[in-house]
Structure formats: structure tokens, C-alpha cells
Trainee: 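Can you keep this structure in mind? I'll have questions shortly.
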Amino acid sequence: MCRAGIAALNKPVVVSEETLTEPVVVSDVAPAAAKAAGPAYVVLAGISFSHFLNDTMQSLIASVYPILKDTYALDFAQIGMITLAFQFTASLLQPVVGHYTDKKAQPYSLAIGMASTFFGLLLLSAAHQYLVILVAAALVGLGSAVFHPESARIARLASGGRYGFAQSVFQLGGSFGTSMGPVLAALIVVPFGQGSIAWFSSIAFLAILILWRIGRWYAPQIKAKTAAAVQAHPDAPGSRRVVVALLVLVALLFSKQLYVSSLSSYYIFYLIDRFGVSTQAAQMYLFIFLAANAVGAFLGGPLGDRFGRKIVIWISILGALPFTLALPYAGLVGSAVLSVVIGLIISSTTSSIIVFAQELVPHRFGMISGVFFGVAFGIGGLGAAVLGKVADHTSIEFVYQVCAYLPAIGLLAVFLPKLPRHAR
């Protein structure tokens with residue numbers, strides 16, 4: 001390659017604020033500069049670790065449910081309402097945050113939003129009334145609403161064109177953070193009580209520092225300049241097919257997230273009621289399931305980059321169906337093994353669904369990210385509340401028998417359009 005060509009590839013890439021909100025030029029291959037530069041691994045590691053810290057703190061809420069239930073004599077419906085308060089806040093605000101940052105990116109909003117989680121944890125540790133517990137859960141949800149849309153954008157900017165890989169690295173941190181909640185609850189919160197939740201505010205403070213530093217990297221990427229109009233790829237699906245595809249992706253995310261929510265919120269009670277295990281032992285079984293979710297979430301993105309996201313979506317949702325159908329009838333060891341298999345398979349679809357949606361509407365990246373992250377949280381929260389009501393009137397075992405059929409919704413993937421070659 002000539003010296004002038006090498007110099008051109010080595011020029012720094014400046015991303016304008018307008019460019020982030022305009023449709024991207026779609027080509028059959030990733031831009032040469034992005035391929036040459038590759039992913040910004042330090043930034044990806046930082047945003048993934050921040051996701052780990054964020055979701056570790058969020059998962060504490062579900063992990064301390066047995067303590068709150070015993071201390072305040074709560075029923076399953078009230079437990080579900082705590083989940084709803086936390087997740088509905090995030091669901092309602094994430095698309096709003098994403099829509100706003102599409103128009104005006106906010107590099108330091110991540111650190112500011114994490115402050116809401118910081119205060120929510122402190123309030124939860126000192127709450128002695130049910131209403132205060134709900135407010136504390138909502139504050140933690142508010143921090144999540146601010147965190148996810150903009151951090152997903154940063155992960156894509158740092159991807160070097162490997163969008164599925166970057167999304168998986170980002171999701172990996174969150175998934176492992178979610179799996180750590182039950183372990184930390186078993187080791188710290190259960191022995192030392194509700195007040196020990198305040199200790200985890202130090203994790204929020206660490207996340208604030210990291211996100212502030214990432215904001216300093218992000219800010220120079222947003223240099224205002226006029227962006228030229230661009231044309232969509234001629235093979236891209238039309239607007240009607242895009243709308244249908246987005247609705248299908250929401251339905252697929254519904255089947256996946258509601259099933260995961262049923263295990264995350266009530267698996268502890270299911271193991272205790274059916275097999276008589278201790279609370280701490282049940283939390284460790286929940287950790288095994290959530291850790292499998294983390295591994296599956298990481299593998300899904302690179303597999304989507306390699307083989308196509310639609311194929312991964314098909315396999316990851318429908319592939320879990322035989323195992324979800326078997327879970328309600330398995331013994332303790334069998335339940336643990338099946339939960340690992342289910343977690344590995346069903347969680348691999350998350351990155352592919354999100355990146356697929358981003359590729360469908362690239363000029364509304366923040367809003368789409370917010371909608372899908374928000375829908376995931378909202379479905380989980382609403383589902384937890386509904387399942388809690390059902391469990392109160394029937395049993396936890398009945399809930400798992402019904403939820404076992406949710407992956408069958410994966411058949412709707414047949415209506416997803418074929419994306420241009422670069423998007424797979």
C-alpha cells in the first residue's frame with residue numbers, strides 16, 4: 001500500500017453529533033478505516049466492567065427478596081411489585097433517554113445516572129416501610145434507564161465494525177453482574193442483614209469514577225459539524241417490513257425475557273418449596289443459572305457476526321424449548337443442569353436481537369437501544385408482577401409449567417427480513 005494510503009487509514013475518526021442521528025451509509029463491507037483500527041478494547045473493557053458493576057447492584061434487589069419477604073411479611077404479589085417498580089422505571093425512561101441522546105449526545109450522563117443508583121442503594125439499606133422500598137427500587141431503575149442507551153452507543157463506537165462482538169462484550173459484563181447478585185447476597189446480605197446493602201454503594205461510586213473517565217474519551221468523538229445526506233442501502237427492507245420486524249423482535253424478546261424473569265425472581269422460592277434447600281443454597285443455584293446466561297450472552301454476538309443474526313435468533317429461542325419443557329419435572333440436580341443449558345442457549349439471542357434492531361433503524365440508534373433495553377426490563381417487571389399473582393393463587397410449580405412454553409414464540413422469527421450482506 002502506498003504511503004499516502006497508509007496515512008489516510010491512520011487518521012483519527014471524528015464522529016459528529018449529527019452523524020450519530022443520521023442513517024448510516026450501508027455497504028457490503030465494513031469501512032476500511034474501521035477494520036484497520038479494530039475495536040477499542042480498553043473502552044469496551046471499561047464499559048463492560050461498568051455494566052458489570054451496574055447490574056451487580058441491580059441484581060441485589062431480587063437477591064434480597066427472601067429477607068424482605070420474611071422481615072416485612074410480604075406476599076408474592078408484593079415481591080412482584082418491587083420488581084415492577086424497579087424495572088418499569090427503567091423501561092419507561094430508557095426510550096426517552098435514547099431519543100434525547102440521538103439528538104444531543106451526553107457523554108457524562110452515565111456518571112450522573114449512576115448517582116441515582118448510589119442513592120437508591122443507600123435508601124434501600126435503611127428502608128423500613130414497603131413504600132420506601134418501592135421508591136428505592138425505582139431509583140436504582142432510574143440509574144439503569146440512563147446507563148443502558150448511551151453505554152450501548154459507546155460500545156458500538158468502540159466496536160471497530162465488529163458490532164455483534166462489541167454488543168456481546170457489553171452484555172457479558174451485565175450478565176456476570178446479574179449473576180453476582182445472589183452470591184453477594186448469600187455471603188454478605190443474608191449474614192449481616194438489610195443494612196449491609198449500604199456497603200454496595202461503594203460499587204456505585206467506583207462505577208461513577210469509571211464512567212466519568214469513559215465520558216472523557218467519548219466527548220471528543222462528538223464534534224459538531226454538518227453531515228451530508230446519505231442514502232439507504234437499496235437492498236434494505238422497506239418501512240412497513242421494518243415495523244413488522246421490530247414488532248417480531250419485541251415478541252421474541254418477550255418470550256426470552258419473561259422466561260428469564262420467571263427464573264430470576266422466583267427460582268429461589270421454587271427450589272426452597274419443592275426441594276427444601278436453604279436460602280443460601282438456592283441463591284447459589286440461581287448464580288449457576290445466571291452465570292450460564294452470562295456465557296451465552298457473550299457467545300451470541302460473535303456467532304451472529306459469523307453466521308448471521310437471524311440464524312442465531314432462530315436457534316437460541318426455539319433451541320431452548322425442549323429443555324424448558326423438561327425443567328418442571330426434573331429433580332434438584334437435573335434442574336441445575338437444565339438451568340445451565342437453558343441459560344446458555346436462550347441468552348445467546350440478546351445481542352443478536354439488539355444489533356438486528358439497530359441495523360433496521362440505524363438513524364435512531366439511541367432510541368432503538370433504549371426501547372429494546374427498556375422492553376427487556378419492562379417485560380421482566382410486568383411479568384414478575386403477573387407471575388407473582390399467579391403463584392399466590394396456584395403455586396410456583398404451576399408458574400414454571402406455564403412459562404415452559406414461552407420459547408415457542410420463537411417461531412415468529414420466520415417473519416424477520418433478510419438484511420443486506422454487511423449486517424448479516
Side-chain angles (χ1 to χ4, degrees), residues 30 38-41 43-52 54-56 59 148 151-152 155-156 158-181 183 249 252-253 255-261 263-264 286-324 327 336-359 369 372-373 376 380 406-407 409-410 413 416 419 422-424:
Y41 291 108
V43 177
L44 285 178
I47 203 68
S48 180
F49 184 61
S50 299
H51 201 185
F52 167 79
N54 180 78
D55 285 20
T56 295
S59 65
H148 283 96
S151 58
R156 188 175 179 91
S159 68
R162 297 174 62 188
Y163 303 128
F165 168 77
Q167 187 62 225
S168 284
V169 171
F170 175 64
Q171 292 291 336
L172 179 66
S175 298
F176 268 118
T178 300
S179 68
M180 284 302 297
V183 176
L249 291 173
L252 297 177
L253 195 61
S255 66
K256 179 262 181 185
Q257 192 62 27
L258 183 55
Y259 186 83
V260 172
S261 177
L263 262 70
S264 300
L286 178 59
F287 164 73
I288 293 173
F289 165 70
L290 295 175
N293 266 270
V295 175
F298 174 73
L299 295 176
L303 289 174
D305 287 339
R306 180 77 171 87
F307 300 106
R309 308 190 210 291
K310 188 173 179 179
I311 295 175
V312 172
I313 291 172
W314 267 106
I315 296 174
S316 62
I317 296 183
L318 278 179
L321 183 60
F323 305 101
T324 60
L327 181 63
V337 173
L338 286 172
S339 71
V340 170
V341 176
I342 292 168
L344 285 171
I345 297 175
I346 202 169
S347 63
S348 64
T349 191
T350 305
S351 296
S352 291
I353 287 178
I354 292 173
V355 175
F356 199 105
Q358 292 167 349
E359 304 263 355
S369 299
F372 275 81
F373 281 116
L406 285 171
I409 296 177
L416 292 177
L419 292 181
H422 90 291
R424 299 306 297 261

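A quick note: this is a predicted structure, and the numbers were derived from the prediction, not measured. Counting begins at 1 with the first residue of the sequence.
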Trainee: Which heavy-atom pair separates Gly410 from Leu252 by the least distance, and what is that distance?
Mentor: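 Shortest heavy-atom separation between Gly410 and Leu252 comes out as CA-CD2, 3.5 Å.
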Trainee: Is a side-chain donor or acceptor of Ser50 paired with a backbone partner of Gly46 at a separation under 3.5 angstrom?
Mentor: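 A pair under 3.5 Å: yes.
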Trainee: Among all residues two or more places apart in sequence or in another chain, which pass the side chain to side chain donor-acceptor pair (under 3.5 Å) test with Thr350?
Mentor: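 With sequence neighbours excluded, Thr350 shows a side chain to side chain donor-acceptor pair (under 3.5 Å) to Lys256, given in chain and number order.
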Trainee: Taking the side chain from Ser159 and the backbone from Arg156, do they hold a donor-acceptor pair closer than 3.5 Å?
Mentor: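 Confirmed, Ser159 side chain pairs with Arg156 backbone.
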Trainee: Measure the CG-CD1 distance between Leu318 and Ile409 for me, rounded to the nearest 0.5 Å.
Mentor: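 Reported value, rounded in 0.5 Å steps: 10.5 Å.
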Trainee: Between atom CG of Leu321 and atom CD1 of Ile342, what is the distance when rounded to the nearest 0.5 Å?
Mentor: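 It is 10.0 Å, given to the nearest 0.5 Å.
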Trainee: Can you tell me how far the OG atom of Ser151 sits from the CD1 atom of Ile47, to the nearest 0.5 Å?
Mentor: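 CD1 of Ile47 is found 5.0 Å from OG of Ser151.
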Trainee: Between Ser48 and Gly173 (side chain of the first, backbone of the second, donor and acceptor by atom type, cut-off under 3.5 Å), is there such a pair?
Mentor: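 Between the backbone of Gly173 and the side chain of Ser48 there is a qualifying donor-acceptor contact (under 3.5 Å).
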Trainee: As a quick check of understanding, evaluate side chain to side chain contact (heavy atoms under 4.5 Å, CB included) for Leu406 and Thr324, giving each step before the final call.
Mentor: CA-CA 9 Å; Leu406 285 171; Thr324 60; over 6 Å; no
Trainee: Quick one: closest heavy-atom pair of Ile346 and Ala320, and the distance?
Mentor: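 The answer is CB-CB, 4.1 Å.
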Trainee: Determine the minimum heavy-atom distance between Val312 and Gly300, stating which atoms define it.
Mentor: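 Answer, listing the atom of Val312 first, then Gly300: CG1-O, 4.1 Å.
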Trainee: Which atoms form the tightest heavy-atom contact between Ala152 and Phe170, and what is the distance?
Mentor: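 Shortest heavy-atom separation between Ala152 and Phe170 comes out as N-CZ, 4.2 Å.
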Trainee: Could you grab the distance from atom CD1 of Ile345 to atom CD1 of Ile315, nearest 0.5 Å is fine?
Mentor: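 The CD1 atom of Ile315 is 10.0 Å from CD1 of Ile345, to the nearest 0.5 Å.
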Trainee: Any donor and acceptor pair, going by atom type alone, linking the side chain of Ser168 with main-chain N or O of Phe298 inside 3.5 Å?
Mentor: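 Pair found, side chain donor or acceptor close to backbone of Phe298.
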Trainee: Give the intermediate values and the outcome of side chain to side chain contact (heavy atoms under 4.5 Å, CB included) for residues Val295 and Leu172.
Mentor: CA-CA 7 Å; Val295 175; Leu172 179 66; 5.9 Å; no
Trainee: Would you name the heavy atoms of Ala292 and Val340 that are closest together and state the gap between them?
Mentor: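 Closest pair (atom of Ala292, atom of Val340, distance): CB-O, 3.4 Å.
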Trainee: Measuring from atom CG of Leu44 to atom CZ of Phe49, what distance do you get when rounded to the nearest 0.5 angstrom?
Mentor: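 The CG atom of Leu44 sits 15.0 Å away from the CZ atom of Phe49.
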Trainee: Which value, rounded to the nearest 0.5 Å, describes the distance between Arg309 atom CZ and Gln167 atom CD?
Mentor: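 One finds 9.5 Å between CZ of Arg309 and CD of Gln167.
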Trainee: Looking at His148 and Asp55, what are the two nearest heavy atoms and their distance?
Mentor: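 In terms of heavy atoms, the two residues are closest at NE2-OD1, 4.0 Å.
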Trainee: Test side chain to side chain contact (heavy atoms under 4.5 Å, CB included) on Leu303 and Ser348 and set out the steps.
Mentor: CA-CA 9 Å; Leu303 289 174; Ser348 64; 5.7 Å; no
